[in-house]
2 protein chains.
Amino acid sequence: MSKEGAGVDLDKSLGYLLKEASTALRVAMEEVLRPLGMTVTHYSCLELLAQRPGMSNSELARGAFVTRQSMNVLLQALERDGYVARPAEAAVGKVLPAQLTPRGRQSLEEASAAVRAVEVRMLAGMTENEQESAFRALRSMIHSLRGPA
Amino acid sequence: MSKEGAGVDLDKSLGYLLKEASTALRVAMEEVLRPLGMTVTHYSCLELLAQRPGMSNSELARGAFVTRQSMNVLLQALERDGYVARPAEAAVGKVLPAQLTPRGRQSLEEASAAVRAVEVRMLAGMTENEQESAFRALRSMIHSLRGPA
DNA sequence: CACCGTATGTCAGACTTCTGACATGAGCAA
DNA sequence: TTGCTCATGTCAGAAGTCTGACATACGGTG
């Protein structure tokens, strides 16, 4: 186990650290969601629908950071299992607004509590100011990355 | 396109923002790596090997945040294509130390420059102090998430 | 009106990554 | 020594996600 190499500049890369943090968060979420029989994307979809009922498949995909094809697969499963309901036909255009069923809402409740606990744990040891500046830093990175293609 | 809903607290969640930033970074990296015929994991593996020659499959997996099974699949492809070399048998134990071939080193050079440019773009508009505090914040989050299982 | 660009929902196939499992080898303790 | 624990490399199958493609529908401009 060669633990010590050169002064690997990966240790100084904010990009690498960002991926590391994101992975740690995903792993922690998977840990608490697995006992509930839920994946992270699964949960994300339900959470988005709880906060904005009527979102379309494509909107959900953007909100969960996956392609609309992936979200479609998930939505069909969630619909089949009774967590989500969509009209059979679009009232206007092709957009099918999705909604949580009572079962979906109930399932989300446990998951949401578990995920909130993870986020609280993640922020433990950070002051309000530190959280605020981290928030602004992440916003800035996102903006810069998306800007000049 | 209902863009305005309730005051979605996802907009205030550092966890959500973390995932958003990480996704933006991954997308930006994929954009510049695709013309080079490389994926992010592909690049990560080569970069790790450049900085710490002789890393094992399992070590590389941890460094690239994937399972050792996934890294093994990638490593076999990289070996087949001549980017990486591993001894046929372990000198001691089962660990097979991997190394970049000249071709791997050359391929990495272009990729590394492209990725560095992305990171520079990401940090544009942030002062040295802001970067430093973002660094500490991410480190803190990682530590807190991994600590109390 | 017709046209074109954009966005959506969906299907199909391929790729990547994961989980589960097994055998091997190092390290340590009894 | 024997036994136990942990880590590693690897194979096989399952699950998730992606790219590519198509038909459809809206919104603007000619």
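Here is the naming used below: chain letters follow the sequence lines, and residue numbers restart at 1 for every chain. Because the structure is a prediction, the values reported are computed rather than measured.
- Proximity note for B/V73 (side chain, C-beta onward) versus C/dT10, C/dT17, C/dG25: the nearest is C/dT17.
- Distance from the side chain of B/Q76 is smallest to D/dC11 among D/dC18, D/dG9, D/dC11.
- Computed from coordinates, the A/L75 CG to C/dT10 P distance equals 8 Å when rounded to whole Å.
- The distance from atom CG of B/L60 to atom P of D/dT10 is 12 Å, rounded to the nearest whole Å.
- The 5' end of DNA chain D is approached more closely, in terms of each residue's nearest nucleotide, by A/F65 than by the other of A/F65 and A/G93.
- When every heavy atom of B/L33 is checked against every heavy atom of B/T39, the shortest pair comes out as CD1-O, 3.8 Å.
- As a whole-Å value, the separation of B/R86 CZ from D/dG9 C1' is 8 Å.
- Not one side-chain nitrogen or oxygen of A/N72 sits closer than 4.0 Å to the OP1 or OP2 atom of C/dG9.
- Closest approach of B/M71 to B/N57, counting heavy atoms only: CG-OD1, 3.1 Å.
- Summarising the geometry of B/R68 relative to B/A61, their closest heavy-atom pair is CA-CB, 3.5 Å, with the distance given to 0.1 Å.
- Between the CE atom of B/M71 and the C1' atom of D/dA7 there is a distance of 17 Å, rounded to whole Å.
- At the heavy-atom level, B/L74 lies nowhere under 4.0 Å from the strands shown.
- Nucleotides of DNA chain D nearest to A/V66 and A/K94 differ in position, and the one nearer the 5' end is that of A/V66.
- In this structure a side-chain-to-backbone donor-acceptor pair under 3.5 Å is present from A/E130 to A/T127.
- A donor-acceptor contact under 3.5 Å links the side chain of B/Q69 to the base of C/dG20.
- Between C/dC18 and B/T67, a contact under 4.0 Å exists linking OP1 or OP2 to a side-chain N or O.
- For B/R68, no side-chain nitrogen or oxygen approaches OP1 or OP2 of C/dG20 to under 4.0 Å.
- For D/dT19, the OP1/OP2 oxygens have a side-chain nitrogen or oxygen of B/R34 closer than 4.0 Å.
- In this structure, A/S70 does not reach the D/dG16 phosphate: none of its side-chain N or O atoms is under 4.0 Å from OP1 or OP2.
- We find that CE of A/M55 is positioned 11 Å from P of C/dT8, with the value rounded to whole Å.
- Here C/dG9 presents its P atom at 9 Å from CZ of A/R62, a figure rounded to the nearest Å.
- For the 3.5 Å distance criterion, the side chains of B/S112 and B/E47 qualify, holding a donor opposite an acceptor.
- Look at NE2 on B/H42: it is 17 Å from C1' on C/dT17, rounded to the nearest Å.
- The phosphate of C/dT17 (OP1 or OP2) has no side-chain N or O of A/R26 nearer than 4.0 angstrom.
- At least one donor-acceptor pair under 3.5 Å links the side chain of A/S144 to the backbone N or O of A/S140.
- One atom, CG of B/N57, and another, C1' of C/dT24, lie 15 Å apart when rounded to the nearest Å.
- Contact annotation for B/T41: backbone-only contact, meaning every heavy-atom pair under 4.0 Å involves sugar-phosphate atoms and none involves a base.
- OP1 or OP2 of D/dG16 has not a single side-chain nitrogen or oxygen of A/T39 nearer than 4.0 Å.
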